[in-house]
Amino acid sequence: MPAGSVGIIVGGDHGPHAGETRPDDDLLVGLNSQQREAVVYRGQALLIVAGAGSGKTSVLTRRIASLLRSREAWPSEILAITFTNKAAGEMRERVEQLVGNSAKGMWISTFHSACVRILRREAEQFGFTKSFTIYDSGDSRALIKRLVKEREADAFGLTPAAVQGRISKLKNELADAESYARQANMNDPAERVFVELFGDYQRELQRANAFDFDDLIGQTVFLFRAFPRVADVYRRRFRHVLVDEYQDTNAAQYALIHELTRPISDSVAEPFESNGMMIFEPDRPSGRDAGGEGASLTVVGDSDQSIYAFRGADIRNITEFERDFPGAKVVLLEQNYRSTQNILSAANAVISNNFDRKDKRLWSADGPGEKIVGYTGYSQHDEAQFVAEEVDALRRTGVDYSQMAVFYRTNSQSRALEEIFIRAAVPYKIMGGTRFYERAEIKDALAYLVAVANPADEMALRRIINRPRRGIGDVTVEAIARYAQNEGITFRDALANASALGVGPKMQAAIAQLDQVLADATDLMLPASGELAPPTAVADGLTLLMDRSGYRDALRMSRDAQDEARLENVDELIAVAREFARNNPEGTVIDFLAEVALVSDTDDLEDASGSVSLMTLHTAKGLEYDAVFITGVEEDLIPHRISANEPGGPAEERRLFYVGVTRARKRLYLTLAMTRAQFGEISVAMPSRFLQEIPGELVDWRQSPGDVNSRGGTQSRALNARPGSGGSGWGRRQIRHDDPPALAPKSTSLDRFPNRIPAKLRDNGDMVLEAGDRIRHDDFGEGRVDAVTGEGAKRVAHVRFDSGGLKKLLIKVAPITKI
DNA sequence: AACCCCAGTATTTTT
DNA sequence: TACTGGGGTT
């Protein structure tokens, strides 16, 4: 074992001195001074506030490399956490480029997979086994649905979706059924039922030897708190914890990080407990381990890109980092290496409307670049047509398809784009969307695997017991369940005693057949004691299950056209299993299932080569393209209607829009439609407020909202482009012909100059405000007027909002009411 | 138990 | 519009 020599690097405001060689000089090449500082700083806690496109991944990876080079850390002492597998993969790759093979020993993974790894080792400490499985949200919904039904909870207005949402939220705050019950209002019968459901749900999970997504984090925290010596094992191991996208952490993730970076509690614990995990104890500078200091923590984030509050992410984790970790160092990265200044100016202008944020202005050294292009379509098809034409034009000027992306707020918006793209022969790829692993046939196939891997998981068995149809219905299933209960055995084991169930001979045969198939697959994939299953076992076992269960045949025989595609999907899953075996020769079914449960389609790498990428604004985070189209820039879409009632909703939508804008390197298009069909109804759409927040001179409107409204004269492009198509399949035509006047905005005062959006400009008339008045603002909530300045239409109210922010508002147009 | 039809309803983002 | 669930029928 090599002795660890340590080079202490003094962080500072100076660049590398000429002539002086440091082990990591080359790591600092090309970095600006803030970036260097972020790489080189050493201390307990470091917050890197990294604006969009400011090179944070470079900084993070070089920081890791620097720790290794200087021998301050062994690879095994590094834990780097990201949110997506894709981000983790990228980071690993880039670290590997810098340090080569030693990257292998690091944990670079998502929160969830890191926790799976830990839980896998420690599950037996608290009532689970190593072969636990993971419930995705669909699985938990199914379980909750059953429980809701059993308790007839819908009578109390508790729908499965609502129950699931609340439980998830509570878990993200580390509450469990008991702790919640203690502070719930138990006089409310609905509340009582909810508490019961929560408890049921948790018991069922435990019985099934399963964790849901939230549990993976929450139970790990629980484990660390309940078993400090277990926690110490990991604290001893991970001396450097780095967290990416810190603004997206929720309370549970925050707690997890806290637990990991806490000082080691019991400094005499034997290092080799915990299932033989290797603990390296390299020589350290004296004083570092003696005091049992906590691991060093580096977090990277940008509160302006926090877009997951709706699922528990707490922006305060980043805004209050300095308070949580006293003595923390903060480094600001504001220089943007991605976008042109025009794009950044637009982004800055929009985001500055969010109060309650640290002012941060992205800037670029690369000049203004092209103007932002705006376009208002008549309908969503018209809008899509414009996008397609523009994509085509860009392509002809040499921009590769893979360097273009189209964003939208909701998945359903992709349809119109797809239709037009197909017609226009523009190659495209939809990222996300209905995910491969959520398709019914894939879930079925996986349920077969779960039935083998984790026999305790009754849900999986219930799912496949009549799939393909075996004639086993509710009655029979209940008979099996009852039998299992009476005999005190599992549902799975009950299948082996088909003859004892008291069901007809046909059923008995069907059950016995299924039992046999599962047993054979088990022999193949999980050979008894000691023997190691061959790498191909998962793929082979899955094939066996799909064939011998009759699943494949049923799809093959079906005359439903879609079943052909389903069959292909099943084959694809088998291919995935083969691929898995190649990458993980020692991987078991359990490992395969965990991997599959934790990947999303967004993760599958840019095989979007040669096609335009279509995705939601959320999935766009972390990506960048030469040309970006943000479509559907309308009120009720972005900001989404549902966000209006949620506290902080509009601000989060603004951040989402900001994320979209900052994905663009060279060209940004903002498009909208005047009418939009949603669930069969055509409605008039209003331009998004965010458009008004962009300075007019940055935008070149090819067709502004005013153009489309005035005199109804603008002919639909989609119509023009399709002479003689007969209009079949384009059901919106009627409204185009006879309805234009109805689309005109109520206000006729302004017609057509760039970025003036008459339909949306709000007019508070002569609202009189004076110091002391209280007002309510659509985004910011309630506040008190401190002072009023200016004259006439330019009167400005200085408002102190209850939430703490100070804002200057143009009284005439601000979305405020006097209260 | 499987199929069919109707009605109602929901349409944000995801590890 | 598209999908789901319920209810009734075969």
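Fair warning: this is a prediction, and the values are worked out from it, not measured in the lab. Just so it is clear, the values below take in all heavy atoms, side chains as well, and ignore hydrogens, waters and symmetry mates. Residue numbers begin at 1 in each chain, while the letters A, B, ... track the order of the sequences.
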Go nucleotide by nucleotide along DNA chain B from the 5' end; which of Met507(A) and Glu652(A) gets its closest nucleotide reached first?
Met507(A)

So which one's nearest nucleotide on DNA chain B is more toward 5', Leu656(A) or Ile472(A)?
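It is Ile472(A), whose closest nucleotide lies nearer the 5' terminus.
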
Are the charged groups of [X] and [Y] less than 4.0 angstrom apart, N to O?
X: Asp136(A); Y: Lys443(A); value: yes
X: Lys56(A); Y: Asp302(A); value: no
X: Glu122(A); Y: Arg117(A); value: no
X: Glu564(A); Y: Arg556(A); value: no

List the residues meeting side-chain contact (heavy atoms from CB on, under 4.5 Å) with Ala494(A), not counting sequence neighbours, and say none if there are none.
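By the side-chain contact (heavy atoms from CB on, under 4.5 Å) rule, Ala494(A) matches Ile480(A), Tyr483(A), Ala484(A), Ile489(A).
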
Does Glu383(A) reach the main-chain N or O of Gly632(A) with its side chain, forming a donor-acceptor pair under 3.5 Å?
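Indeed, once roles are kept as given, a pair shorter than 3.5 Å links the two residues.
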
Checking Gln164(A) side chain against Ser140(A) main chain: does a donor-acceptor pair fall under 3.5 Å?
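Pair absent, no side-chain N/O of Gln164(A) close to backbone of Ser140(A).
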
When all nucleic acid strands are considered with a 4.0 Å heavy-atom cut-off, which category describes [X]: base, sugar-phosphate, or nothing?
X: Asp136(A); answer: nothing
X: Phe213(A); answer: base
X: Thr616(A); answer: sugar-phosphate

Winner on side-chain proximity to Val475(A), out of dT13(B), dT15(B), dA1(B), is dA1(B)

Of the options dT15(B), dT14(B), dT13(B), whose atoms approach the side-chain atoms of Asn411(A) most closely?
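Shortest atom-to-atom distance from the side chain points to dT13(B).
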
Round to a whole Å and report the spacing from [atom1] of [X] to [atom2] of [N].
X: Ile430(A); N: dT14(B); atom1: CD1; atom2: P; value: 13 Å
X: Phe111(A); N: dT14(B); atom1: CZ; atom2: P; value: 19 Å
X: Ile642(A); N: dA10(B); atom1: CD1; atom2: C1'; value: 9 Å
X: His618(A); N: dT15(B); atom1: NE2; atom2: P; value: 11 Å
X: Glu653(A); N: dT12(B); atom1: CD; atom2: P; value: 11 Å
X: Ile217(A); N: dT15(B); atom1: CD1; atom2: P; value: 13 Å
X: Lys506(A); N: dA2(B); atom1: NZ; atom2: C1'; value: 13 Å
X: Asp636(A); N: dT13(B); atom1: CG; atom2: P; value: 16 Å

Test log, rule ring-ring contact (aromatic ring centres under 6.0 Å, His included), inputs Phe224(A) and Tyr234(A):
CA-CA 9 Å; Phe224(A) 283 171; Tyr234(A) 295 90; 5.6 Å; yes

Is the cationic atom of Arg654(A) (NZ for Lys, CZ for Arg) positioned less than 6.0 Å from the six-membered ring centroid of Phe657(A) and within 45 degrees of its normal?
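Not satisfied by the 6.0 Å and 45° rule.
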
Please determine if Arg120(A) forms a cation-pi arrangement with Phe132(A), meaning its NZ or CZ atom is less than 6.0 Å from the six-membered ring centre and no more than 45° off the ring axis.
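Judged by the rule, Arg120(A) and Phe132(A) form a cation-pi pair.
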
Once ring-ring contact (aromatic ring centres under 6.0 Å, His included) is applied, do any residues pair with Phe222(A), and if so which ones, sequence neighbours excluded?
Phe126(A)

Name all residues meeting the ring-ring contact (aromatic ring centres under 6.0 Å, His included) criterion together with Phe111(A); count only those two or more places apart in sequence or in a different chain, and write none if there are none.
Phe83(A)

Short heteroatom pairs, N/O only, protein and nucleotides 3-5 of chain B, under 3.5 Å:
{"residue": "dC3(B)", "atom": "OP2", "partner": "Arg469(A)", "partner atom": "NH1", "Å": "2.9"}

Tell me if the side-chain of His112(A) makes a donor-acceptor pair with the base of dT15(B), cut-off 3.5 Å, by modelled atom types.
yes

Is any side-chain N or O of Arg415(A) under 3.5 Å from a base N or O of dT1(C), one able to act as donor and the other as acceptor?
no

Counting only side-chain N and O atoms of [X], is one of them less than 4.0 Å from OP1 or OP2 of [N]?
X: Asn250(A); N: dT15(B); result: no
X: Thr476(A); N: dA1(B); result: yes
X: Thr82(A); N: dT15(B); result: no
X: Asn466(A); N: dA1(B); result: no

Flag for Asn172(A)-Gln253(A): side-chain donor and acceptor within less than 3.5 Å
no

For DNA chain B, determine which residues of residues 304-318 of chain A have any heavy atom closer than 4.0 angstrom to one of its atoms, and list them numerically.
Tyr308(A), Phe310(A), Arg311(A)

Could you list, one pair per line, each protein nitrogen or oxygen that sits under 3.5 Å from a nitrogen or oxygen of nucleotides 5-9 of chain C, together with the distance?
{"residue": "dG5(C)", "atom": "OP1", "partner": "Lys145(A)", "partner atom": "NZ", "Å": "2.2"}

